[in-house]
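All ligand and atom numbering here is 1-based and tracks the order in the structure. None of these values were measured; they are calculated from a predicted model.
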Amino acid sequence: YKGYEFIIDEKYVAHIGDKATGIRILTSIEPKGWTQGPVTATITIKSNNGISKVEPDEGSKNGNEYIITKENIEATAKEAADVWAQGGLVAFPTETVYGLGGNGLNKEASKKIYAAKGRPSDNPLILHIADMEQFYPLIKTDNAKIIARAEALADVFWPGPLTMILPKADNIPYETTGGLDTVAIRMPSHLVARALLQECKMPIAAPSANLSGRPSPTSASHVIEDMNGRIEMIIDGGDVGIGVESTIIDLTGEVPMLLRPGFVTPEMLQQVLGTVETDAAVYRQVGKDVHPKAPGMKYRHYAPKASMVLVEGAQDKVITYINEEAKKKREQGLRIGIMATDESKELYKADVVISVGSRISMDSVAHNLFRDFDEENVDFIYSESFDTSGCGFAVMNRLLKAAGHQVVKL
Ligand code: TXA
Ligand code: MG
């Protein structure tokens, strides 16, 4: 497996990621257990990252898993490219969340994206590209430092879950950038996204494929819930790998500025760029009169239908507090949901207790946020808090936004 990333999670499942193609292979490892040093293991490889239209092709389905075949990926990419060439919209998987794509150079397509999402048109879109050849025509700057920084980041993190904000070229319509002179660009690594982008040869504007104000979709069924009948095509590529949206970094200023935390952490960015600052809107709610750098920051994104409170403090205190509050609220006839972890799940009493995963693996937590609660019709959600190291920074950012920054500190 030379050249592959090899991560083993707490269920002893190996995630072998090929950075170049975005293929994620799930395997079972024998013998089970943590080992130090080299390990000899029997590995069965199954692809979990298949592609298919909503109805999988006959023979392309193996149990509940889709299998990628060269034939169906090529045919689907051609079909999607046709829709995009005609100004239509296609939802597709990326390694972070599902995107809702349209031709980013066509202002009518961008308008359609805003309409399909019910999104305010001052909230700009990210352009998705296949390679660096597509990158240069999208930016316009004489500042060599900006280009050098973008190239250094691209070298390390592209294709992958990082979005860069840069001065925009003239041919990008203001409909795509929400009226800004800057543009957001990202080169996704997901195999399906790459196949589509290589085929269509245009920069694809794609916000997350949810209705505005709903959580970002991590599976095709989420996209179908929100978008069915509103767009031309939905591509099912199975569950996505990461589950939180890409990290956004603004390179237009003197000092690179983190606008949205994601899988690529500030520490990882600092290793490439040196100093990186973090926009204030990442930490707190900004007032209506303030214009945050990423316009999306001012909207109450990523919100479950129920209102939500985050509880911070020592584990035992948090559990006692949440149980007491849940009891009071249930006596008033309210349905209560609790966002727990594998470690604490059994200790709560409420109408719905959902574990978002184990504290050992923040990646699994990032993947499981929010969605389940919407199906449970709860009135109120209490959530535990997380350490902000690694992916935890992105998780806490999304939780705080979902909770409208309502936090109880014990
Ligand atoms: O992982 C992702 O980035 C996903 C997948 C589909 O690629 N896309 C995504 O897009 O999350 P969206 O539209 O849901 O979020 C884009 C964010 C918004 O908060 C927007 O305000 C910000 O990027 N943004 C876009 N263009 C910008 C610009 N020129 N300057 C500052 N912020 C920008
Ligand atoms: Mg979004």
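The atoms of ligand 1 that sit less than 4.0 Å from any heavy atom of Arg119 are 12 (P), 13 (O), 14 (O), 18 (C). Each of the atoms 5 (C), 6 (C), 7 (O) of ligand 1 lies under 4.0 Å from some heavy atom of His128. Against a heavy-atom cut-off of under 4.0 Å, Ala206 is close to the following atoms of ligand 1: 6 (C), 8 (N), 10 (O). Atoms of ligand 1 found under 4.0 Å from any heavy atom of Asn123 (numbered from 1 in listed order, with element): 18 (C), 20 (C), 21 (O). Below 4.0 Å from some heavy atom of Ser246 lie the following atoms of ligand 1, by number and element: 1 (O), 2 (C), 3 (O).
For Thr177, the heavy-atom gap to ligand 1 stays at 4.0 angstrom or more. Using a 4.0 Å heavy-atom cutoff, Lys168 is absent from the residues neighbouring ligand 1.
Any N or O atom pair closer than 3.5 Å counts here, and Glu245 shares no such pair with ligand 1. Checked by distance only, ligand 1 and Tyr98 stay at 3.5 Å or farther apart across all their nitrogen or oxygen atoms. For a threshold of 3.5 Å applied to N or O pairs, the pair formed by Arg260 and ligand 1 contains at least one separation below that value. For ligand 1, the polar-atom distance check against Thr94 finds no nitrogen or oxygen pair separated by under 3.5 Å.
Of all the heavy atoms of Thr182, the ones lying under 4.0 Å from any atom of ligand 1 are found in both the backbone and the side chain. Residue contacts with ligand 1, taken as heavy atom pairs separated by less than 4.0 Å, do not involve Met164 at all. If you look at Ile248 next to ligand 1, the close heavy atoms, those under 4.0 Å, all belong to the side chain.
Residue Ser208 counts as close to the Mg ion (ligand 2), with an N, O or S atom under 2.8 Å.
A donor-acceptor contact closer than 3.5 angstrom is absent between the side chains of Thr182 and Thr252. A donor atom on one side chain and an acceptor atom on the other are not found under 3.5 Å apart for Glu245 and Thr96. Side-chain contact annotation: Tyr114 with Asn123, donor-acceptor N/O pair under 3.5 Å absent. Under the 3.5 Å distance criterion, with hydrogens and angles disregarded, a donor-acceptor pair is assigned to the side chains of Ser344 and Glu384.
Using a 4.0 Å cut-off between charged nitrogen and carboxylate oxygen, Glu95 and Arg186 count as a salt-bridge pair. Here Arg359 does not pair with Asp342 in a salt bridge; the nearest charged N to carboxylate O distance is not below 4.0 Å.
Within the set Pro188, Ser208, Ser216, the minimum heavy-atom distance to atom 9 (C) of ligand 1 is found for Ser208.
Annotation: cation-pi geometry not satisfied between Lys329 and Tyr382 (NZ/CZ under 6.0 angstrom from ring centroid, within 45° of ring axis).
Nearest heavy-atom pair, His190 versus Gly237, reported as atom, atom and distance to 0.1 Å: NE2-O, 4.2 Å.
No donor-acceptor pair under 3.5 Å is formed between the side chain of Lys78 and the backbone N or O of Leu196.
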